[in-house]
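A quick write-up on the structure given underneath.
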There are 2 protein chains.
Amino acid sequence: MKVTIKDIASMAGVSTTTVSQILNNKGQRFSEETRRRVLKAVADTDYSPDYFAKNMVQKESKTVGMIVPDVTDLFFSKVIEGVESYLNEKDYMILLCNSKHSETMERKYIKQLQNRSVAGIILASPNAIELEKYMRSCPNMLIDRGLNTREQGNILVDEYGGYYDAVQYLIDNGHKKIGMLTNESGYYEMTDRYQAYYECLLNNGLDYDSSFIEDGPVSIQGGYEAATRLLARENLTALCCGNDQMAIGAYRAAFDKGLSIPDDISIVGFDNLEITAFLNPPLTTVDQPAFEIGYTAAKLLFRAINFPEDQIPNINYEANLIVRASTKNIDR
Amino acid sequence: MKVTIKDIASMAGVSTTTVSQILNNKGQRFSEETRRRVLKAVADTDYSPDYFAKNMVQKESKTVGMIVPDVTDLFFSKVIEGVESYLNEKDYMILLCNSKHSETMERKYIKQLQNRSVAGIILASPNAIELEKYMRSCPNMLIDRGLNTREQGNILVDEYGGYYDAVQYLIDNGHKKIGMLTNESGYYEMTDRYQAYYECLLNNGLDYDSSFIEDGPVSIQGGYEAATRLLARENLTALCCGNDQMAIGAYRAAFDKGLSIPDDISIVGFDNLEITAFLNPPLTTVDQPAFEIGYTAAKLLFRAINFPEDQIPNINYEANLIVRASTKNIDR
DNA sequence: CTGAAAGCGCTTACAG
DNA sequence: CTGAAAGCGCTTACAG
């Protein structure tokens, strides 16, 4: 049988009120003697207050929900690590939901999480959800998407700027036939990156050719397939990948076709996953501070929960081009 | 103000008992009319029973805790995906804990999870925790470790067999100077793999040389550093890595040293992460069904929770050698 | 077919 | 310095 506050009270010969007050460091000062007796009973029985009972009266679940499109995505797992890292310190726990990119599942999860009275929700979503409608009054934080920009509490990464720099870098290095791997279903990060690609070409007086674009799922396999199709069709000197995972797939596609990187083709990614520095050749990519993003989202959410009247700041991160060995100057 | 069962009751002009029974499909049959009125009130207010109140009386949290050494580890994130995938169907949610390989944190999490009355715990741990002591009566499942074998409910992967096959494969292909990257702190999976390496060498009449072994953290960076040290010291024809991540680091170490894979050195990993098929060259490794493991752990835990009297079976998975292009025959 | 009442394990005014 | 009692929002015998 689970030990309850009543057991402790009777063991210590006091009322439950006293036990509760002592355990929560509340109320008036108790005699050293009773405090000692209560603490001893607690220690002897390894008692801790029932979570549900406590919450029913206090309504402080110390739990946040986190919804990601894909737990196995290296970018998101890093974000999760950041969130967990901050929240753990605060004795919060996180209820993890894997939406598999599905908006239907996201809605289901949001509802389920709210049912469970989570203190807040962190949502990383590729979809343009009408949050106002689903989140009700639950404090929430949106990660890594400019889709549903709000008054405050936006965490934004300058993906446009970072990706633009990458494309400009290729152009500066003599590339003119530059392809891109992106995602048809409007995977949220891709929009800015695509824009950057498009505008950078135009600003440099290069033609934009839609046949230089290929769509695919945002994954290694997706990148592999998209790149395979694209490389079979076009003769490119450089390929911009929607993210690092797609770039990893593109590496394989290039090798399969007998192309050497960067001698025959330059490749750039986006995210700067740890692994990219170890690839052969190391990948030129754009750094996005995944851990930081998660950590900050958690921090701001915590603030929104505990200081509801506070204004939550907007956070902007830069995305910096990291030049490695997968790109080369072909000007000669 | 949150809407409660009382509100629904008065809106529908019935008692809370009636509302509760109807919502839970319990009790005697109610008149179509009252059922309709109740359901309408529920729909109108978007009411759902308070999670904490409900749990306090029913004690069915529908929540399991999951503790992993590292969320960003590709193997574990795949396991998490499997767990989530099964449990989601059952309307369970998972409280995710990232222990960072620390036993202290694991203990803290186990305690915290139990405080929250989770229905069960799935623990993937590199440490030999005295579970009996910490898990109390909470149903639990241990993942991917033969460390704390119990009467039942063990999920075991034949790592020894799979790794043995890998080493044998190298030997069959003429390799005699075979190194290994492992983990000093006794990372749990490593023990079996190390044993397999050791015994396979001996069984084939090869000398075991402790200077062919190098330790390091089980990560890309760790593999890189360990391999760098090892390759600087020894002249090997093949290198067995504790897992795929270390192998990825070892690739880089080999390239840095100007070695070509597999011409100058053969490399094998363990796990068969999706990415390994895309590496350059594709990695020869041993397949471990990460998603399956998670899915099965969740399934068995669910069973242990809901049918406590059931005997939970032991599950054994094979680990199969996947030969790709990072290894080569040097017999000629 | 439906309701009044007890109880789950806490915390929190309030009183002394 | 300490306790009796109400209340959080449900569910569940029990009674009718």
Side-chain angles (χ1 to χ4, degrees), chain A residues 1-42 45-63 91 112 114-119 136, chain B residues 1-42 45-63 91 112 114-119 136:
Chain A
M1 210 48 240
K2 186 163 181 173
V3 10
T4 72
I5 196 171
K6 271 191 185 166
D7 299 325
I8 303 296
S10 72
M11 285 175 70
V14 296
S15 71
T16 59
T17 306
T18 301
V19 175
S20 175
Q21 310 254 63
I22 288 181
L23 257 34
N24 294 296
N25 298 309
K26 286 204 180 139
Q28 314 78 329
R29 193 152 290 96
F30 296 89
S31 77
E32 207 33 66
E33 169 61 9
T34 66
R35 157 177 257 92
R36 206 190 46 69
R37 282 213 312 277
V38 168
L39 264 22
K40 172 156 190 335
V42 169
T45 55
D46 196 27
Y47 166 78
S48 64
D50 181 81
Y51 178 69
F52 297 114
K54 187 163 188 157
N55 266 284
M56 186 161 60
V57 7
Q58 296 196 142
K59 270 117 187 44
E60 203 199 353
S61 66
K62 294 216 176 200
T63 305
D91 276 326
Q112 235 177 319
Q114 289 184 143
N115 264 0
R116 286 171 178 242
S117 304
V118 292
R136 290 192 292 210
Chain B
M1 211 44 241
K2 184 164 182 174
V3 9
T4 73
I5 196 171
K6 272 191 186 166
D7 299 324
I8 302 296
S10 73
M11 286 175 69
V14 297
S15 72
T16 60
T17 306
T18 301
V19 175
S20 175
Q21 309 254 61
I22 288 181
L23 257 35
N24 294 296
N25 299 309
K26 287 209 181 137
Q28 313 78 328
R29 194 153 286 99
F30 296 89
S31 78
E32 208 31 67
E33 169 60 12
T34 65
R35 157 177 254 94
R36 206 189 46 69
R37 284 212 311 276
V38 168
L39 262 24
K40 174 157 186 342
V42 168
T45 55
D46 196 28
Y47 166 77
S48 63
D50 182 80
Y51 178 70
F52 296 115
K54 188 165 187 156
N55 266 284
M56 186 160 61
V57 10
Q58 295 195 143
K59 271 119 188 44
E60 203 199 351
S61 66
K62 294 214 176 204
T63 305
D91 277 327
Q112 236 176 318
Q114 289 184 145
N115 262 1
R116 285 170 178 243
S117 305
V118 292
R136 288 191 292 211

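Proteins come first, then strands; the chains are lettered A, B, ... in the order of their sequence lines, and each starts at number 1.
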- Query: Contact class for N24(A) (heavy atom, under 4.0 Å): base, sugar-phosphate, or nothing?
  - Reply: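 Sugar-phosphate contact only.
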- Message: For a quick check of understanding: with a heavy-atom distance under 4.0 Å over all strands, which category does S20(B) fall into, base, sugar-phosphate or nothing?
- Response: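 Base contact - S20(B) has a heavy atom under 4.0 Å of at least one base atom.
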- Shortest non-hydrogen contact between S117(B) and D50(A), atoms and distance: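 So the two residues come closest at OG-OD1, 3.9 Å.
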Would you kindly give the [atom1]-to-[atom2] distance between [X] and [N], to the nearest whole Å?
{"X": "F52(B)", "N": "dT11(C)", "atom1": "CZ", "atom2": "P", "value": "14 Å"}
{"X": "Y51(B)", "N": "dG9(D)", "atom1": "OH", "atom2": "P", "value": "17 Å"}
{"X": "N25(A)", "N": "dT11(C)", "atom1": "CG", "atom2": "C1'", "value": "14 Å"}
{"X": "I22(B)", "N": "dT2(C)", "atom1": "CD1", "atom2": "C1'", "value": "10 Å"}
{"X": "R37(B)", "N": "dC1(C)", "atom1": "CZ", "atom2": "P", "value": "15 Å"}
{"X": "R116(B)", "N": "dG9(C)", "atom1": "CZ", "atom2": "C1'", "value": "17 Å"}
{"X": "L23(A)", "N": "dC10(C)", "atom1": "CG", "atom2": "P", "value": "10 Å"}
{"X": "N115(A)", "N": "dC10(D)", "atom1": "CG", "atom2": "P", "value": "11 Å"}

So, is [X] close to the [N] phosphate, meaning a side-chain N or O under 4.0 Å from OP1 or OP2?
{"X": "T34(B)", "N": "dT2(C)", "result": "yes"}
{"X": "T18(B)", "N": "dT2(C)", "result": "no"}
{"X": "Q21(B)", "N": "dG3(C)", "result": "no"}
{"X": "K6(A)", "N": "dG9(C)", "result": "no"}
{"X": "K54(B)", "N": "dG9(D)", "result": "no"}

- Query: Of T16(A), L23(A), N24(A), T17(A), which meets side chain to side chain contact (heavy atoms under 4.5 Å, CB included) against S20(A)?
  - Reply: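 When T16(A), L23(A), N24(A), T17(A) are each tested with S20(A), the side chain to side chain contact (heavy atoms under 4.5 Å, CB included) holds only for N24(A).
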- Would you mind telling me which of dG3(D), dT2(D), dG3(C) lies closest to the side-chain atoms of S31(A)?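 Comparing dG3(D), dT2(D), dG3(C) against the side chain of S31(A), the answer is dT2(D).
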- Query: When the nearest nucleotide of DNA chain C is assigned to K59(B) and to R35(B) on a heavy-atom basis, which residue is associated with the more 5' position?
  - Reply: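 Residue closer to the 5' terminus by nearest nucleotide: R35(B).
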- Message: To the nearest 0.5 Å, what is the distance between CG on N115(A) and OH on Y51(B)?
- Response: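 Atom-to-atom, N115(A):CG and Y51(B):OH are 10.0 Å apart.
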- Message: I'd like to know if T17(A) reaches the base of dT11(C) with its side chain, counting only an N/O donor and acceptor under 3.5 Å.
- Response: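 Side chain to base: no pair below 3.5 Å.
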- Could you pick out which residue, V14(A) or V57(A), lies toward the 5' side of DNA chain D when each is mapped onto its nearest nucleotide?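 First, find each residue's nearest nucleotide; the 5'-ward one identifies V14(A).
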- Item | Short side-chain donor-acceptor distance under 3.5 Å, R116(B) and T63(A) |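 A pair is found: one side chain offers a donor N or O, the other an acceptor, under 3.5 Å apart.
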- Check the surroundings of atom NZ in K59(B): do more than 12 heavy atoms from other residues, nucleotides or ligands lie under 6.0 Å from it?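 Enclosed: over 12 neighbouring heavy atoms sit under 6.0 Å from NZ of K59(B).
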- Task: Once you apply the 3.5 Å cut-off to both distances, tell me the Watson-Crick or G-U wobble partner of dT2(D), or none.
- Result: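 Matched dT2(D) with dA15(C) under the 3.5 Å cut-off.
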